[in-house]
Amino acid sequence: MINEINDDLNKLLEILKIITEQSLVGIIIIQDGKLIYFNKRVSETSGYSIEEIKGWNPNDFLKVIHPEDRESVAEQARKRQLADPEVIDKNKFRIIRKNGEIAWIRVSTKRINYEGRTANLVMINDITDKIKSEQKLKGSEEKFRNIADHSLVAISVLQDGVYKYFNDKLVEINGYSAEEIRNWAPNEFAKIIHPEDREFVMEQARKKQTGDSDVINQYQFRIKRKDGEIRWIEIFSKTINYEGQPADLIMTNDITDKKKIEQKLKESEEKFRNIAEQSLMGISVTQDGVFKYFNDRVIESLGYSVEEIESWGPNEFAKFIYPEDREFVMEQAQKKQAGDPDVVNQYQYRIITKDGVIKWLEIFAKTINYDGHTADLAMTVDITDKIEAEQKLKESEEKFSKAFNSNALAMSISTMDEGIIIEVNDAFLKLFGFSRKEITGKTASEARLKGREERKEMLRTIEEQGSIINHETDYKTKSGEVRYGLFSFVKILLNDKPFLLTIINDITPLKIAEQKLKQSKEKYLRAYNQVEFYKDLFIHDITNNLQSLYSSIQLIDINLDENCKNNTIKDFINIIYRQINRGTELVANVRKLSQLEAEEVFIDEIDVFEVLNRSIEFLKNLFQDKKIQIKWDISSEKVLILGNNLLQDVFENILINSVRYNNNDIAEIIIKASQVEQNGISYWKLEFIDNGIGIENERKESVLSRADLDSKTTYGMGLGLSLVKKIIENYGGKVWIEDKVEGDYSKGTNVILLMQKGDH
Amino acid sequence: MVDDDTDILLLYQKMLEHIGFEVVGTANNGEEAVQLFKSFQRKPDIILMDHRMPKKNGIETTKEILTINNHSKIIFTSADSSIEKEALSVGALSFLKKPFSLESLKENILKAMISTQ
């Protein structure tokens with residue numbers, strides 16, 4: 001039994017030995033100031049060998065303690081020996097290992113009974129790794145806090161609706177004091193969020209505080225500071241574990257200024273874009289050979305669509321540059337895109353539009369920075385019209401120059417103010433007799449061409465009216481000869497300066513001819529008036545003579561006793577009557593013919609029937625002892641023609657001839673009217689067909705002209721039919737004579753009038 | 001009777017007397033005619049007025065006489081038929097183109113006599 005107990009005891013001791021020797025805790029027993037026991041772990045912890053430690057007394061242990069901790073450890077050892085109740089059982093301090101390393105140990109001392117006496121059981125734990133780890137963590141925490149506290153970004157930790165941590169920047173951003181923030185009730189922070197953003201922000205905060213993974217980590221929203229100012233902030237937040245629970249780690253950045261700058265930039269960009277889009281210039285940005293930007297004007301100029309331009313490969317735009325200009329333009333574009341300073345910023349070149357139209361552009365281009373790279377900013381203006389205008393101006397100037405120098409009219413160009421002649425053409429020199437050297441550089445008054453006052457007056461008129469055209473005046477040549485000219489003065493611009501162009505049309509020969517003509521006219525007028533006077537006198541007096549003769553022969557005829565009148569006397573009386581009638585008609589016809597030749601005949605619409613009836617009445621009165629038969633062959637009720645009061649003379653002349661030159665007992669006259677069209681004009685054809693003696697064919701035309709005056713043998717009386725022709729032609733009509741029976745003139749005459757129809 | 005030709009005035013007078021009219025006065029121009037007309041207590045029934053006369057022509061004389069007495073009956077005579085329209089428009093009753101016959105004169109006077117103007 002005892003052996004069994006001894007065996008068990010020995011086993012127990014063996015186990016204890018194993019435990020102590022293999023323990024990770026260093027074990028030391030000290031009694032009466034002597035080292036009674038220490039295990040292997042103590043040697044491992046200190047770095048000293050077991051043999052070295054066996055030789056130590058308790059004080060020798062102090063030498064391994066770190067000098068800074070040595071005094072406090074000694075103090076605790078003293079207290080323990082003195083059984084001081086304030087002694088600390090557990091202590092931790094540093095030791096210096098044999099190899100010089102510093103190690104942290106935690107020491108627990110327990111008073112024990114060893115072999116019947118009090119001893120100290122010291123347990124040593126090597127906590128170097130733990131301490132180092134703790135120190136590292138602490139250093140990290142301090143570093144974080146330091147960074148957080150002094151961060152330019154507001155950092156806060158939101159948990160359970162309250163800020164568990166926040167730095168000064170958050171205070172600065174929202175305007176509330178740290179004290180106020182700490183005192184906020186759960187979710188009271190919502191009050192600083194702008195109402196429009198509040199719902200979203202609170203939802204995100206709640207999710208992050210609960211560890212929800214469906215969150216947005218970065219967003220912007222507005223807050224309302226304590227002072228009421230609205231500011232924009234941007235947050236980066238995520239769920240973290242804070243003190244064992246999920247929390248919302250928030251980094252807040254005040255981006256109000258950034259927002260304002262962005263807004264201004266946006267507005268600025270919009271303004272620029274607006275300006276660019278509305279610009280009358282084509283604006284484009286070329287980079288890496290392609291158009292990065294172009295406005296509508298570029299599209300209009302080129303004629304290509306937006307899609308076409310955007311689809312162009314690098315440098316494909318060269319295709320719209322006119323071949324002769326392409327090399328230079330492409331070189332300039334490439335240099336500007338590359339940022340080469342050796343460039344030409346402004347020049348003109350030609351393009352070919354999609355439709356094949358050649359246009360002139362003026363370009364103002366420079367290198368700019370665009371999206372971080374150099375690019376070619378080009379502003380173009382379509383100057384095709386300007387170029388064409390310049391070309392026309394050039395051509396016009398050349399034409400003017402040619403017209404000026406080779407003109408048959410004398411021309412000069414002088415300054416507006418002083419009137420100094422700067423240029424004259426050859427015609428001028430020839431007209432005035434000056435050499436070019438003699439006249440250029442002088443004023444007109446110096447050259448004795450015109451007076452100063454006259455020039456001042458002329459300039460006033462030009463300023464008011466712009467020019468003076470064909471002002472007739474006299475002038476003197478170098479030799480003093482007075483000539484006449486039509487002077488035209490025109491204000492012209494040469495190199496944008498006003499000059500006076502003077503054009504002189506020498507009318508001296510014309511003037512002389514005019515003067516001669518005037519003298520001739522005056523002479524003619526005097527002669528004409530004289531003739532008129534004599535004609536009037538003649539007509540008046542001869543008419544009075546005829547009237548006296550007529551009245552006298554009538555009174556003789558009445559008073560002469562019928563018995564005294566033999567046939568011979570009667571024949572004489574009848575001759576006198578006839579001659580009076582012939583004289584009367586001659587006078588009347590002379591008057592009318594003269595009137596027709598001297599005046600413009602006024603023509604109106606005339607009713608033929610009215611005039612014919614008066615003429616027939618006159619005819620019957622004239623030939624009271626002759627049987628006259630008038631037949632009408634007119635189907636229209638009204639015949640209107642263009643004529644005037646002389647028409648009655650026409651009809652009377654024709655009718656009188658029909659009766660007078662008629663040997664039949666009854667003079668028959670058929671009056672016929674029909675409508676005809678000739679050359680688009682409507683006429684009334686009036687025919688007077690008689691049974692008179694007729695007119696031979698060879699005289700049918702001549703009786704209508706004055707050339708027949710000498711022939712009075714048969715048909716025709718004085719100026720009668722020539723008067724008819726004259727009147728009818730004045731009306732725009734025609735007259736001719738035919739036989740009543742074709743081929744036999746002796747059966748009678750048909751006098752035909754073709755007269756224009758009246759309007760109605 | 002108004003005419004600048006005294007022979008004509010004499011012949012007119014003979015012709016008129018032959019057909020039974022009395023000539024109450026003659027004038028050689030327009031001015032004389034107006035004065036003579038004014039002098040008449042009893043105005044003549046008919047005035048035979050020539051146109052072309054010295055001092056005052058027939059048209060002017062006709063106007064003045066009709067201004068004095070708008071019931072006067074004036075027969076206008078002239079070789080110039082272009083004056084007919086104007087003569088009638090100023091108030092002449094008829095126009096006799098010179099030279100005219102005794103029959104025409106008689107007819108015009110009779111027509112004038114029975115005229116209500």
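Labels below follow one simple rule: chain letters A, B, ... track the order of the sequence lines, proteins then strands, and each chain is numbered from 1. Predicted, not measured: the structure shown is a model, and the values here were computed from it.
A distance of 10.0 Å separates CG of Asp7(B) from CG of Leu549(A), quoted to the nearest 0.5 Å. Here the CZ-CG distance, from Arg52(B) to Asp541(A), works out to 8.0 Å after rounding to the nearest 0.5 Å. Atom NZ of Lys98(B) and atom CG of Asn545(A) lie 10.5 Å apart (nearest 0.5 Å). Remark: Gln624(A) CD to Glu103(B) CD distance equals 6.5 Å, nearest 0.5 Å.
Proximity to chain B (any heavy atom under 4.5 Å) is shown, for Leu546(A), by both the backbone and the side chain. Looking at Ser101(B), both its backbone and its side chain come within 4.5 Å of chain A, counting heavy atoms on both sides. Only the side chain of Lys97(B) comes within contact range of chain A, with heavy atoms under 4.5 Å apart.
For Phe40(B), the CZ atom sits in a packed shell: over 12 heavy atoms of surrounding residues, nucleotides or ligands are nearer than 6.0 Å. Taking a 6.0 Å sphere around CG of Asp665(A), one finds it holds 12 or fewer heavy atoms contributed by other residues, nucleotides or ligands. Heavy-atom contacts from other residues, nucleotides or ligands closer than 6.0 Å to NZ of Lys106(B) number 12 or fewer.
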| task | Might you work through the side chain to side chain contact (heavy atoms under 4.5 Å, CB included) test for His540(A) and Asp4(B), ending with a clear yes or no? | result | CA-CA 11 Å; His540(A) 174 258; Asp4(B) 60 336; 3.4 Å; yes

| query | Taking it one step at a time, do Tyr12(B) and Gln547(A) satisfy side chain to side chain contact (heavy atoms under 4.5 Å, CB included)? | reply | CA-CA 10 Å; Tyr12(B) 283 172; Gln547(A) 181 65 59; 3.8 Å; yes

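Residues Lys14(B) and Ile558(A) fail the side-chain proximity criterion, which asks for heavy atoms closer than 4.5 Å.
Among Ser81(B), Ser78(B), Ala79(B), the residue with the largest count of heavy-atom pairs under 4.5 Å with chain A is Ala79(B). If you tally non-hydrogen atom pairs under 4.5 Å between each of Asp3(B), Asp80(B), Asp5(B) and chain A, the highest count goes to Asp80(B).
When all heavy atoms of Leu11(B) and Ser551(A) are compared, the pair lying nearest together is CB-CB, 3.7 Å.
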